[in-house]
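Basis for what follows: all heavy atoms, side chains included, without hydrogens, waters or symmetry-related copies. In what follows, chains are A, B, ... by sequence order, proteins preceding strands, each numbered from 1. What you are looking at is a predicted structure, and each value in this text was computed from that prediction instead of being measured.
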Amino acid sequence: MEHKLYIYNTLSRKKELFVSIHENKVGMYVCGPTVYGDAHLGHARPAITFDVVFRYLLHLGYKVRYVRNITDVGHLENDADSGEDKIAKKARLDELEPMEVVQYYTNRYHKAMEALNVLPPSIEPHASGHIMEQIDFVQKILDAGFAYESQGSVYFDVEKYNQSNHYGKLSGRNIEDMLESTRDLEGQSEKRRSVDFALWKKASPEHIMRWKSPWSEGFPGWHLECSAMGTKYLGEQFDIHGGGMDLMFPHHECEIAQNKAGLGKDSVKYWMHNNMITIGGQKMGKSLGNFITLEEFFSGNHALLTHPFSPMTVRFFILQAHYRSTVDFSSAALEASEKGLSRLMEGYARLQKLVPSSKSTIDISDLRAKCEKAMCDDFNTPIVISHLFNALPLIATIYLEFQMISEEDLNELISVFKLYLVDLLGLRTENETSNGLEAYKKAIDLLLNLRLEAKRNKDWTTSDKIRNKLTALGFEIKDTKDGFEWKI
RNA sequence: GGUACUUUGGCCGAGUGGCUAGGCGCCGGUCUGCAAAACCGUAUACGGCGGUUCGAAUCCGCCAAGUACCUCCA
């Protein structure tokens, strides 16, 4: 592969040249959502971040197998090894079968992702559909001597693992300190050490989601699904594992330990973590209750939002920051993105209508290379966007006929915009979803204002004609004291 | 308390030793019957204190503030 793509690897905390394990092929695993609630802005970040990674790797010519899981079992409240399963809790509260909850929110997740123009992954496996694989994985770890059974549950023996490996190497933790500080608290737990984590949990009598295993009727530990499904679909070693920074510890740390213990080798070559979206400087998260769902953004139905924001605005907003930086949400910031995106899209539309001349009086030769350089520098989408913005004045001056562009240069410029703006950043040109609706509303307002004008001139023929025609089309027109109202 | 990260102009947000990031907003201008849009242009910055260097927003140290994860507590 001829490219100089550098990816920041959380393991080394450095940008590393990307070299795939298998020539021309890339395996990528990204942690997907736990489907017990509507997707919020925080869920959009990894989806969009790794969508761009996916798109760029495809563009470079790789055959990419992109696996993004659906967590529908085993993720406990408070991410601890005790407490009620999140899905089961939601099911109990809503009086639904757990799988109804899963299906409902999975459908809604897919709908939101489609609106954001996030490409579907190659495989989207469910944890509940891979119980056998997870049981096998537990057995492997037990056979290797890195786990122990306790009252029907199976726990990973972190202390033993750490004697020959470094538990904590991803998140930079020193497990000896943790062992020291937690040793006193043992006693009531089935676990030998509080740092140990569950591979398999015996189900309590009221627990609905349960499967048979050699140890008990129960369910798999949360961290296990990624080890089992990643291995199943991408092999024992694969290129990229992605997810949010909040999953680094314990989730990904545990996954590394499980794979090393069960398979005898490290599975992942490049670990990538996107940063959080903040609101008022604080992480936007389910547990904090400060989240805004994607649907609320699209509908504008939230106290912090001044109006609806199109999915493309949300996507653009996220891409205007580098994925490893936090992004602070505010309605003002989103409005700024909305306007910026609109200008960019208008520029692209205008570009496609330019008339070429015999020669160019401008130089666009380095734009493609600049964009490519930015993408290769750990997917620096804000820089790509700034380069595209820099091309807008050129387009404007050609449009206003102050400058000329040759057919060759015009085709190149269109090609670069198409590639980066549409294909790689994934910004759709036609915003018929909510922008179209907005334009349509404005068109009706326009008509009614014409009618208002006619009324003021006592031109009743025109006034009545507009009202009657619109009424015939299904609109309800109401005159008010000094204006109008309408609805369908 | 531990680990990691962050601190850039009115707001958002790149950059990593000397060369304009970019967006939104502001202000000025072109255009227009007026306005909007569009276009052109100007201004504003690198948390604090030291150090390294010819030169630091960029490297090093200390301090301050903040965030995340963990731990502790409840």
Side-chain angles (χ1 to χ4, degrees), chain A residues 8 10-13 15 42 45 78-80 158 166-185 193-195 197 243-254 271 273-285 287-288 290 306 313 316-347 349-350 353 367 370-371 373-375 377-403 439 442 445-446 449:
Chain A
Y8 182 88
T10 310
L11 266 178
S12 64
R13 305 199 178 267
K15 287 178 195 171
R45 187 116 200 241
N78 304 320
D79 297 346
V158 171
H166 178 195
Y167 178 83
K169 68 177 179 177
L170 185 70
S171 53
R173 263 155 235 268
N174 183 353
I175 209 64
E176 273 108 29
D177 295 345
M178 292 167 73
L179 287 168
E180 280 303 318
S181 61
T182 55
R183 201 158 288 182
D184 303 336
L185 304 160
R193 303 263 178 264
S194 63
V195 288
F197 56 90
M245 256 180 201
D246 53 347
L247 298 178
M248 235 159 77
F249 189 91
H251 186 54
H252 291 157
E253 208 70 78
C254 294
W271 280 94
H273 292 94
N274 64 275
N275 214 320
M276 301 292 102
I277 288 183
T278 59
I279 178 163
Q282 208 178 27
K283 173 190 169 185
M284 183 182 282
S287 51
L288 289 164
N290 60 353
T306 51
T313 298
F316 187 66
F317 172 70
I318 286 173
L319 292 175
Q320 265 188 306
H322 187 260
Y323 76 92
R324 282 189 287 110
S325 300
T326 55
V327 177
D328 198 51
F329 159 80
S330 69
S331 205
L334 212 51
E335 279 165 39
S337 292
E338 184 175 51
K339 286 178 188 167
L341 175 63
S342 163
R343 259 189 71 217
L344 203 52
M345 285 310 187
E346 277 163 25
R350 185 178 274 185
K353 289 178 198 152
L367 183 63
K370 280 178 173 171
C371 290
K373 193 180 165 204
M375 280 302 274
D377 185 14
D378 196 29
F379 308 98
N380 201 328
T381 55
I383 294 292
V384 172
I385 289 168
S386 81
H387 289 320
L388 295 177
F389 268 115
N390 281 333
L392 292 186
L394 288 179
I395 293 170
T397 53
I398 297 162
Y399 176 75
L400 296 169
E401 300 182 340
F402 294 133
Q403 299 284 355
K442 282 177 181 165
D445 287 346
L446 178 70
N449 277 313

Inset, instruction - If the plane angle is over 60° it's perpendicular, under 30° parallel, otherwise tilted; pick one for His273(A) and His252(A). - result: tilted
Legend entry - Strand contacts (RNA chain B) in residues 390-400 of chain A, 4.0 angstrom heavy-atom criterion: Asn390(A), Pro393(A), Ala396(A), Leu400(A)
Legend entry - Closest to the Lys283(A) side chain, choosing from rA38(B), rC69(B), rG22(B): rC69(B)
Inset, instruction - Return no unless some side-chain N or O of Arg173(A) is found under 4.0 Å from OP1 or OP2 of rU71(B). - result: no
Legend entry - Short side-chain N/O contact from Lys370(A) to OP1 or OP2 of rA21(B), under 4.0 Å: no
Inset, instruction - Heavy atoms only: give me the nearest Val384(A)-Ala374(A) pair and the separation to one decimal. - result: CG2-CB, 3.7 Å
Inset, instruction - Consider the side chain of Asp328(A), meaning its heavy atoms from C-beta on, and name the nucleotide among rA4(B), rC12(B), rC24(B) that approaches it most closely. - result: rC12(B)
Legend entry - Atom-to-atom span, CD1 of Ile385(A) to P of rG23(B) - whole angstrom: 12 Å
Legend entry - Ile279(A) CD1 - rU67(B) C1' separation (whole Å): 15 Å
Inset, instruction - Send over the distance from Phe317(A) CZ to rC11(B) C1', rounded to a whole Å. - result: 12 Å
Inset, instruction - Check whether any side-chain N or O of Lys339(A) sits under 4.0 Å from OP1 or OP2 of rG23(B), and answer yes or no. - result: no
Inset, instruction - Tell me which nucleotide among rG23(B), rC70(B), rC5(B) gets nearest to the side chain of Pro250(A). - result: rC70(B)
Inset, instruction - Measure from CD on Glu253(A) to P on rC70(B) and round the result to the nearest Å. - result: 12 Å
Inset, instruction - Could you check how far CE of Met245(A) sits from P of rU3(B), rounded to whole Å? - result: 18 Å
Please write out the pairs of protein N or O atoms and N or O atoms of nucleotides 14-18 of chain B separated by less than 3.5 Å, giving the distance to one decimal.
from, atom 1, to, atom 2, distance (Å)
rA14(B), OP1, His322(A), N, 2.6
rA14(B), OP1, Ser325(A), OG, 2.9
rA14(B), O3', Asn380(A), ND2, 3.4
rG15(B), OP1, Asn380(A), ND2, 3.0

Inset, instruction - Give RNA chain B the dot-bracket treatment, 5' to 3': Watson-Crick (N1-N3 with N6-O4 or O6-N4) or G-U (N1-O2, O6-N3) under 3.5 Å, [ ] crossing, | other strand. - result: (((((((..(((.....[...)))..((((.......)))).....(((((..]....))))))))))))....
Legend entry - Options rC12(B), rG22(B), rC39(B), nucleotide nearest the side-chain atoms of Ala333(A): rC12(B)
